[in-house]
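The structure appears below as structure tokens.
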Number of protein chains: 2
Amino acid sequence: MNNALNNAAALCIAAVERDTGLGKDTLRVWERRYGFPKPDRDAKGERLYPADQVEKLHIIRCLLDRGQRPSKVVGASTEELRAMLEVPDEPRAADAPVGGSDLLQYVRLGRTVELAVSLRKALLRQGLQRFVAETVAPLSEEVGAAWMRGEIQISDEHAYTEQMQNVLRGAIGSFGPAGERPRVLLSTLPGEDHVLGLLMVEATLVSEGTACLSLGARTPMADLGRAAVENAIDVVGVSFSGAFPARQAIDRLLELRAMLPPQIALWAGGAAVRGKQKRLPGVRVVADLDDTRQALAEWRSAHLPARA
Amino acid sequence: MNNALNNAAALCIAAVERDTGLGKDTLRVWERRYGFPKPDRDAKGERLYPADQVEKLHIIRCLLDRGQRPSKVVGASTEELRAMLEVPDEPRAADAPVGGSDLLQYVRLGRTVELAVSLRKALLRQGLQRFVAETVAPLSEEVGAAWMRGEIQISDEHAYTEQMQNVLRGAIGSFGPAGERPRVLLSTLPGEDHVLGLLMVEATLVSEGTACLSLGARTPMADLGRAAVENAIDVVGVSFSGAFPARQAIDRLLELRAMLPPQIALWAGGAAVRGKQKRLPGVRVVADLDDTRQALAEWRSAHLPARA
DNA sequence: CAGATTATTTGTCCAGGACAACAATGAACA
DNA sequence: TGTTCATTGTTGTCCTGGACAAATAATCTG
């Protein structure tokens, strides 16, 4: 698993904050209190976190998100942590998504050409909406899970994302100009890099004739608010991957809600906000891609005059 | 702690960091050095930034992004700052590129639908290679310059980038599987977000039949090296926007060169490395998109048996 | 057993010092 | 005139170690 190229990689505290979502202050205070992490120091005396400690921090954050308390997990060994992680041994659903495992195999082996060809075939066979809901979404989840389990390299995941972007954006573009309301503004907030979720939503909305304006990833909230007003937007859509801390997501959404004019709707989707509807008054939590179409239908029946 | 709903009141330091993108340490050290911002304190002694100071910080952030230095702006009054933001009335060059000004107008006005339509027309008219070299590259430069002059919002630039990605990726994807050598691995290094340059190169190479594997933006160097070896890559291509510090670019490239096996070529392009060929032994500096095709021809004549 | 009270845990903030990376300036040189 | 190199000031990020209140667990009481 670990080869020579890997050894040189030790991250500074800012990089660890980005990678794990744990604040610099938190990392330092854990070191003081629990004795972990225990980074090396460079010539300047600054912390350098070896890759294995970063990985352990990653596991710890997973466990914290599931309700564990720091005092129980920060001191434990990597093996104990892995054991805790695998407890919820989900009953293996026998719903293996259509062709999903084949596609995952291509990602795993770095066979990007075959991957691209298969994706395009699936797109033609299923049509854009079903392709997104039945192929892209489950495959992306599988890829993320495989990366968490250490089965694939991060570079494989990047390559996968790139290929998928090519396919999805080509399909989105081929719809040509769509001018129907609502006018939807899409983005992720700072700290959230994952762009595939956004593209899936865009694909779903565009194929319903909606006018979509995407700002890509990591738009500062003030800019989002300004852009929404200036472009006469009806709905602002924000997506969060599972890697985003749920608590932060909620705080930011409420802040954004307060910042937007009340007549502009705010939709939020993604793993980090799933099931958080009751904590998010004024925000429409979108459970999945089908629910996105549902939300769209609701908006239209509420705001557009019934069409003959 | 921070609450979302007091938008008219004052923000805690964490909220200001999120809103302005200025780090907590930076905010504190500015207060120490320049006397601004000067937040109130709550009962606990913690900083509370009034809304007007946050807005001023936002303006300062804009000016810093445009190359101003903190010592010149952090001490200035809000009026002076607003004056600096106004267009410094450049000597209007009368070199309006073919059609470029029309397209730029669409970006400026946020008319994304018209922009997308015009781009697709230009693509069909010119073909992918000329489209990239004669439309995408100059337009992207114009957009960057217009943003520097304060003529367009950052959100307009993001929307432009998204639209352009849709067009380019659609075109790249429509080439179908291309298996000819060299096998090229494309990415940007950490710290470099701009992805359009990479896509322009990918489009150019793909339309020459080259097998391209893109990893998108910000791939850590260790992962790049590993991916190059594991995927039997012939050429690694890296791009740097003008926003990337030239000195860092050179250091990183030399480091990457040392990390890669000698038989794998390393190409570098973008504003930050232009004219730096002599400081980069072992790296092929690619001046522009035409030069990319030139580099490709050189590689093929050196490595492939002459074809009948 | 529910509800109130106390104890512990935990993340974030503070002050003020230090330092290397970066930009600007000036000198030496082709 | 333009390029390279050294110097000097600027600037963001990191450091230590202390503090405190919000959140959570533990204990007590009716």
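Just so it is clear: chains get the letters A, B, ... in the order the sequence lines come, proteins before strands, and each one is counted from 1.
Other residues, nucleotides and ligands contribute over 12 non-hydrogen atoms within 6.0 Å of the CD atom of A/Gln277.
Rounded to an integer number of Å, the gap from A/Ile60 CD1 to C/dG11 P is 11 Å. When rounded to the nearest whole Å, the span between CZ of A/Arg41 and P of D/dC14 equals 12 Å. If you measure from atom NZ of B/Lys24 to atom P of D/dT11, you get 23 Å, rounded to the nearest angstrom. Here the P atom of nucleotide C/dC22 and the CG atom of B/Asp251 are 8 Å apart, to the nearest Å. The separation between A/Glu17 atom CD and C/dT12 atom P is 10 Å, rounded to whole Å. As a whole-Å value, the separation of B/Arg32 CZ from D/dC14 C1' is 12 Å. As rounded to whole Å, 15 Å separates atom P of D/dG12 from atom CD of B/Glu31. Between the CZ atom of B/Phe244 and the P atom of C/dA23 there is a distance of 12 Å, rounded to whole Å.
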Atom pairs and distances, donor-acceptor, side-chain atoms in residues 23-35 of chain A, under 3.5 Å, two or more places apart:
{"from": "A/Lys24", "atom 1": "NZ", "to": "A/Glu17", "atom 2": "OE1", "distance (Å)": "3.1"}
{"from": "A/Glu31", "atom 1": "OE1", "to": "A/Arg47", "atom 2": "NE", "distance (Å)": "2.7"}

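Between the side chain of A/Arg33 and the base of C/dG11, a donor-acceptor pair under 3.5 Å is found. Donor-acceptor pairing under 3.5 Å, judged by distance alone, is absent between the side chain of B/Arg28 and the base of D/dG12.
Annotation: the span from B/Ser140 atom OG to B/Leu104 atom CG amounts to 11.0 Å, rounded to 0.5 Å.
When each of B/Asp25 and A/Ala43 is assigned the nucleotide of DNA chain C with its nearest heavy atom, B/Asp25 is the one assigned upstream, toward the 5' end. Remark on DNA chain D: of its neighbouring residues B/Leu64 and A/Lys72, the 5'-side contact belongs to B/Leu64, judged by nearest-heavy-atom nucleotide.
Of the side-chain N and O atoms in A/Lys44, none sit less than 4.0 angstrom from OP1 or OP2 of C/dA18. One finds no side-chain N or O of B/Arg47 lying less than 4.0 angstrom from the OP1 or OP2 phosphate oxygen of C/dT12. A close approach under 4.0 Å does not occur between any side-chain nitrogen or oxygen of B/Thr26 and OP1 or OP2 of D/dT11. In this structure, B/Gln248 does not reach the C/dA21 phosphate: none of its side-chain N or O atoms is under 4.0 Å from OP1 or OP2.
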Report task. For each nucleotide in nucleotides 2-10 of chain D, reading 5' to 3', give B when a protein heavy atom comes within less than 4.0 Å of its base, S when such contact involves only the sugar-phosphate, and - otherwise. Result -> --S------
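Checking C/dC22, D/dG12, C/dC13 against the side-chain heavy atoms of B/Trp30 singles out D/dG12 as nearest.
Ion pair A/Arg82/A/Glu55 flagged as a salt bridge, since at least one NZ, NE, NH1 or NH2 atom sits closer than 4.0 Å to an Asp/Glu carboxylate oxygen.
Looking at B/Phe244 and B/Val273, their side chains never come closer than 4.5 Å, going by heavy atoms from C-beta outward. Within the 4.5 Å cutoff, side-chain heavy atoms of A/Lys56 are placed close to those of A/Leu81.
Remark: B/Glu80 engages B/Ala76, B/Ser77 in a side chain to side chain contact (heavy atoms under 4.5 Å, CB included) (not counting sequence neighbours).
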